Amino acid sequence: MAKVQNIKGMRDHLPPAMMLRQHIVATITGVCERHGFEPLQTPIIEYAEALEGKLGDDESLIYRFEDHGGRRLALRYDQTVPLARVVAQYAGQITLPWRRYALGPSYRGERPARGRYREFYQADADIVGSSSPLADAEIVAMLTESLTALGFPDFVTMLNHRQIVGGVARASGLDEASAGGVYRAIDKFDKIGADGVRDELLRGGVSAESAAQILALVQIEGPPAEVLAALSERLAGDERALAALENLRAIIDGLGQMGVPPERYKVAPRLARGLSYYTGLVFEAITPHWPEGSLLGGGRYDELVGQFAGRPIPTVGLAFGIDRLHDVMEELKIGPRPATTAVAYVTIFGPEQMADSLALARELRAGGVNTLISLDSGGLGKQFKDADRKGVSYALVLGPDEIARGEVVIKDLRGGGQRAVPRAEVVAALGEA
RNA sequence: GUGCCUGUAGCUCAAUGGUUAGAGCGCCUGACUGUGGCUCAGGAGGCUGUGGGUUCGAAACCCAUCAGGCACCCCA
């Protein structure tokens with residue numbers, strides 16, 4: 001007999017979890033569509049070649065295999081590479097700038113942990129073909145709207161720019177090659193502290209003097225305007241870093257004008273982010289309730305999309321990790337938690353009343369009320385118990401007396417109590433309840 | 001991928017190497033032939049993750065394997 005087991009790092013989502021997941025998805029796609037983003041879906045499988053050479057060190061995490069024809073294929077690693085492929089492949093049918101969102105599973109062969117799985121769902125939202133700081137700001141605004149709508153009480157989005165991070169490294173006399181180690185070290189600041197970062201930098205061959213400078217830059221905190229001012233002072237000689245600071249300033253202005261609450265974002269020079277394809281803005285939303293890491297992140301990547309198209313196509317975007325959002329919401333006990341999809345449970349008094357009950361169920365459904373019909377006419381007690389255990393809020397009774405009077409009894413299984421309402425008013429009564 | 005911890009009923013957990021592996025919750029039946037939750041009485045449910053080994057004897061000790069958790073790594 002086959003193993004009764006799912007694959008390591010891949011999960012089944014039973015109804016209670018699935019209902020929360022669908023709420024998360026509906027909330028996020030709602031925000032996307034209110035911003036005029038268009039949906040896109042691509043296959044889970046891509047040519048391995050399409051994914052290779054874009055992820056830096058972690059290509060070993062890609063699931064690869066051969067199909068029956070010997071083609072080298074791979075499961076997609078994120079939604080970004082397929083986006084780049086689509087933009088190049090359908091260049092004639094897509095008008096830039098293009099706002100699109102995509103929802104679906106991606107696969108990484110990592111060691112699973114809490115909030116991190118080998119199969120995970122992402123909702124990806126990107127603005128393709130614009131380098132305007134307004135595009136960057138809109139993405140961050142959508143992130144803020146989404147997390148707020150989901151009910152996250154206290155999240156903050158940390159903003160930084162890759163060329164500021166690069167400037168930090170350059171200011172310390174390091175070349176691009178050794179910069180990667182510097183990014184990784186400072187990215188861990190919140191986890192291992194200043195001394196931890198210093199140790200790691202020294203181990204990586206950075207001089208004590210440079211390490212001290214990097215640490216000083218990275219620890220600058222305060223209101224965005226002040227942080228930007230302090231950074232431009234320290235990075236004064238670095239053209240690219242100054243341009244980046246100007247860009248970040250424009251993005252932050254945009255956030256203000258879009259009405260993003262100031263307490264929801266801050267400039268954080270220590271934010272680096274691992275993915276190597278980011279070129280401009282980088283950001284991560286964090287909450288104190290999830291010390292394991294970020295809720296979601298993203299940034300600007302002006303070169304990746306162009307790799308397929310053969311010309312630069314500036315793009316900024318973000319990825320919501322549905323699984324991670326779900327895990328955190330589960331832990332914080334936020335979000336709706338319906339026990340089932342049905343609101344009403346229509347009992348069947350007996351064989352004589354079955355037709356009336358089925359007709360009532362049909363009326364309720366036509367009126368937009370999710371309705372469960374009993375499969376058992378063997379006693380009301382049993383049916384009430386069934387309805388209660390399913391978590392349905394209202395049980396409806398249509399016995400001989402009710403039918404004679406043209407009424408339906410609505411029994412409130414949550415609060416207790418019951419009342420008789422005229423048959424014609426049942427949908428309205430449940431609608432307002 | 002590396003290191004550490006864990007795996008016993010549907011769930012949460014008990015059980016000095018020694019009878020037939022237990023409890024709470026949940027589940028099923030009944031008390032209750034037009035009314036769930038509360039109460040009471042009864043009942044079902046286990047090759048102790050899997051496969052080897054040590055031992056007179058293993059849920060417990062050893063090895064392997066699978067799965068989960070934590071740290072590293074990285075990230076959604």
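Quantities reported herein were computed from a predicted structural model and do not represent experimental measurements.
In this structure, A:G416 reaches the bases: a heavy-atom distance under 4.0 Å links it to at least one base atom across the strands shown. Within the nucleic acid shown, A:A113 comes within 4.0 Å of sugar-phosphate atoms alone, with no base atom in reach, counting heavy atoms only. Residue A:E402 is classed as a base contact, given a heavy-atom separation below 4.0 Å to a base. At a threshold of 4.0 angstrom between heavy atoms, the contacts of A:F320 with the nucleic acid are absent. Heavy atoms of A:N6 sit nowhere under 4.0 angstrom from any nucleic acid atom. The residue A:V397 sits close to a base: some heavy atom pair falls under 4.0 Å. Using a 4.0 Å heavy-atom distance criterion, A:F349 is classed as a base contact. If you check every strand for non-hydrogen atoms under 4.0 Å, A:R11 touches nothing. Within the nucleic acid shown, A:G9 comes within 4.0 Å of sugar-phosphate atoms alone, with no base atom in reach, counting heavy atoms only. Within 4.0 Å of A:D124, counting heavy atoms only, lies no atom of the nucleic acid at all. Within the nucleic acid shown, A:G109 has no heavy atom closer than 4.0 Å to any nucleic acid atom.
You won't find any donor-acceptor pair under 3.5 Å spanning the side chain of A:E284 and the base of B:A76, going by distance alone. Counting distance only, with no hydrogens placed and no angle test, the side-chain atoms of A:Q418 and the base atoms of B:U35 include a donor-acceptor pair under 3.5 Å.
Taking a cutoff of 4.0 Å between a charged side-chain nitrogen and a carboxylate oxygen, A:K382 and A:D386 do not qualify as a salt bridge. Electrostatic pairing of A:E330 and A:R337 counts as a salt bridge here, judged by a charged N lying under 4.0 Å from a carboxylate O. With respect to the salt-bridge test (charged N to carboxylate O, under 4.0 angstrom), the residues A:D124 and A:R76 do not qualify. Ion pairing between A:R324 and A:D327 fails under the 4.0 Å rule for side-chain N and carboxylate O. A salt bridge links A:R423 with A:E363; the closest basic N to acidic carboxylate O contact falls under 4.0 Å. Ion pairing between a basic and an acidic side chain is recognised when a charged N comes within 4.0 Å of a carboxylate O; A:K390 and A:D388 show no such pairing.
Taking CG from A:D78 and OG from A:S106, the interatomic distance works out to 6.0 Å, rounded to the nearest 0.5 Å.
Atom CZ of A:R362 is surrounded by 12 or fewer heavy atoms from other residues, nucleotides or ligands within 6.0 Å.
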Find every protein N or O atom lying less than 3.5 Å from an N or O atom of nucleotides 3-5 of chain B, and list the pairs.
| unit_1 | atom_1 | unit_2 | atom_2 | d |
| --- | --- | --- | --- | --- |
| B:G3 | O6 | A:R111 | NH2 | 3.3 |

Tabulate atom names and distances for all N/O pairs under 3.5 angstrom spanning the protein and nucleotides 43-45 of chain B.
none

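Here the side chain of A:R108 is nearest to one of B:G34, B:U29, B:C75, namely B:C75. Comparing atom distances between the A:A319 side chain and each of B:G34, B:C73, B:A76 picks out B:A76 as nearest. The side chain of A:P400 lies closest to B:G34, out of B:C75, B:G34, B:G69. In this structure, the nucleotide among B:G36, B:A76, B:C70 sitting nearest to the side chain of A:L413 is B:G36. Distances from the side chain of A:K411 to the nucleotides B:G36, B:A76, B:G34 place B:G36 closest.
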Candidate pair A:D412 and A:R419, rule salt bridge (Lys or Arg N to Asp or Glu O under 4.0 Å), full reasoning: CA-CA 9 Å; A:D412 184 344; A:R419 61 190 171 127; over 6 Å; no
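As rounded to whole Å, 15 Å separates atom P of B:C75 from atom CZ of A:F283. Distance CD1 (A:I62) to P (B:G1): 16 Å, rounded to an integer number of Å. Here B:C72 presents its C1' atom at 10 Å from CD of A:E200, a figure rounded to the nearest Å.
A search for ring pair (Phe, Tyr, Trp, His ring centres under 6.0 Å) contacts involving A:Y301 returns A:Y277, not counting sequence neighbours. Shown here are the side chain to side chain donor-acceptor pair (under 3.5 Å) partners of A:R264, two or more places apart in sequence or in another chain: there are none.
RNA chain B is contacted by both A:M10 and A:Y117; A:M10 maps to the nucleotide lying nearer its 5′ end (nearest heavy atom per residue).
Consecutive Watson-Crick or G-U pairing (both distances under 3.5 Å) extending over three or more pairs maps onto RNA chain B as B:1-7 with B:66-72, B:10-13 with B:22-25, B:27-31 with B:39-43, B:49-53 with B:61-65.
A heavy-atom distance below 4.0 Å to RNA chain B is reached by these residues of residues 384-393 of chain A, ordered by number: A:F384, A:K385, A:D388, A:R389.
Here A:F120 counts as stacked on B:A76: its ring centre is under 5.5 angstrom from the base ring centre and the planes meet at under 30°.
Partner A:R99 forms a side chain to side chain donor-acceptor pair (under 3.5 Å) with one of A:E138, A:E38, A:H35 and no other, that one being A:E138. If you run salt bridge (charged side-chain N to carboxylate O under 4.0 Å, His left out) between A:R72 and each of A:E46, A:E52, A:E49, only A:E52 comes through.
Residue A:K188 places at least one side-chain N or O closer than 4.0 Å to OP1 or OP2 of B:C73.
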